[in-house]
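Below: one structure, written as structure tokens.
The analysis underlying the following values was restricted to heavy atoms, covering all of them including side chains, and did not include hydrogens, waters or symmetry mates. Order of listing sets the numbers, starting from 1, for every ligand and every atom in it.
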Amino acid sequence: MSRIWNFSAGPAALPEVVLQQAKEELLDWHGIGAGIMEVSHRGKHFTEVIKEAEADVRELLVIPAHYRVLFLQGGATLQFAAIPLNLLAADASADYLITGAWSKKAFADAGKLPLAGKLCLAANMEDKNAPASGFTRLPEPEAIALNEKAAYLHLCGNETIHGVAIHDDAWLDGALPSVVPVIADMSSSILSRPLDVARYGLIYAGAQKNIGPSGLTLVIIREDLCARAANNVPAPISYKMQAENDSMLNTPATFAVYLAGLVFRWLKEQGGLTGMAAINRVKAMKLYAAIDASQGFYRNHVAISCRSNMNVPFNLLTPELEAEFVREAEAAGFMGLEGHKSVGGIRASIYNAMPVQGVEALLLFMADFMRRRG
Ligand SMILES: *Cc1c(COP(=O)(O)O)cnc(C)c1O
């Protein structure tokens, strides 16, 4: 068996030691004579697993006691609908910030629903004339049209496709009325750095980037929002009912919860999120430095202050050269480097499970490719 350097955007690489442990426990978890995915979600074994997973993720993110942690299904995408259905009352409005493909999709999906409340565009950073990608920066906080009575402001913490990220949770302070809860899609940045959870009303993340296998969605919701959630929402997406039932309203994605729990434990062993953030910054800095030093052979178009530490998209001079880069990279043992089909180019996703050595190996390949093709 040989594992290769996996730069996939999601589902993405998982820590090898976690996969080893899951392999060892697959047929017989903790000597019970069955795998953890083969036992009742209401039995004592799985209850132990999900309780420990919650305790560990609470510890890692320092989640305050007045927040609920939910392990749901349907991916981040289902949350695009669940959020307004739960939290947008008939006479209310909600603000949306569009900074890339995912926040754009969240706004579009909400717009398809027969909502009684109103959806407002607080800012749209799409620039059809921008090179390659169309989204290259965050708005200035003062330039955002915020409604002080909004039920919530929705934003995306890390735009996985365009590589535009919010690095500072206090970014909107001053511009945002303190009573408006911020709802953040953190699918591709959760657990990559310490997070000031108290600044958010709701944080959600599909698991397959930085948590574990697909099929699991983490939702962290402030208790008052959970209590305020509408009653006429289908049970699986009702925050109130899921919280009342400890995410066991119906069968949760048990194996995914178990694996996420192993990842949480692994993160604690890496020094928690402060340690992880330091490693992530090193990886991203090395990659951007090489791109910026290539005299235009490799180009990243995102404003420096909002460059993502998780997803590094870049372009070469022509689509043909980019295709050749991906082909040769694959032959040299690198997986998942093609950009999202909507924007093309190259994208290196460097989540927690990608070690510094993987990035260094990619840099050697990039230097060699440039020497031959530059
Ligand atoms: C991957 C991703 C999604 C979609 O997640 P699914 O779990 O596939 O629904 C949404 N938002 C962001 C920021 C993502 O990276």
Side-chain angles (χ1 to χ4, degrees), residues 6-14 70-85 96-113 124-126 133-136 138 152-167 169 171 182-193 195 200 202-220 236-237 247 252-253 255-257 259-260 263 280 284 302 306-313 336 338-343 345 347-354:
N6 182 355
F7 289 87
S8 299
L14 284 163
L70 305 176
F71 294 101
L72 306 181
Q73 299 182 61
T77 302
L78 188 57
Q79 294 303 310
F80 297 165
I83 289 159
L85 286 172
Y96 280 75
L97 218 57
I98 298 185
T99 55
W102 287 113
S103 49
K104 184 178 176 179
K105 193 153 186 282
F107 183 67
D109 268 16
K112 290 177 199 156
L113 297 165
N124 182 0
M125 297 308 288
E126 184 160 24
S133 64
F135 289 99
T136 56
L138 296 170
Y152 59 82
L153 167 71
H154 181 279
L155 52 78
C156 179
N158 183 69
E159 288 286 358
T160 319
I161 295 174
H162 291 92
V164 176
I166 297 168
H167 295 295
D169 299 315
W171 169 63
V182 176
I183 295 186
D185 178 356
M186 299 268 187
S187 295
S188 51
S189 54
I190 191 118
L191 301 173
S192 68
R193 63 169 173 89
L195 203 57
Y200 300 89
L202 190 159
I203 293 166
Y204 66 100
Q208 67 275 21
K209 278 92 184 212
N210 231 357
I211 297 177
S214 60
L216 172 69
T217 316
L218 184 70
V219 170
I220 302 166
I237 59 165
S247 311
F255 189 71
V257 171
L259 233 138
V263 171
N280 286 332
V302 178
C306 22
R307 281 174 162 180
S308 168
N309 287 342
M310 294 286 101
N311 310 97
V312 181
E338 55 282 88
H340 190 269
K341 61 183 188 311
S342 63
V343 296
R347 172 175 52 172
S349 294
I350 46 175
Y351 301 118
N352 288 343
M354 172 60 66

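Taking 4.0 Å as the cut-off between side-chain N and carboxylate O, R193 and D169 count as a salt-bridged pair.
Of the possible donor and acceptor atoms, one in the side chain of S308 sits under 3.5 Å from a partner among the backbone N and O of M310. Judged by distance alone, with hydrogens and angles left aside, the side-chain atoms of N311 form no donor-acceptor pair with the main-chain N or O of S349 at under 3.5 Å. Side-chain atoms of E159 come within 3.5 Å of backbone N or O of G100 as a donor-acceptor pair.
Residues of the protein with a heavy atom under 4.0 Å from ligand 1 are G75, A76, T77, F80, W102, C156, N158, T160, D185, S187, S188, Q208, K209, listed by chain and number.
Between H162 and F135, the ring planes lie perpendicular to each other; the angle is over 60°, past the 30° to 60° tilted range.
Residues satisfying the ring-ring contact (aromatic ring centres under 6.0 Å, His included) test with Y96, not counting sequence neighbours, are F107, Y152, H154.
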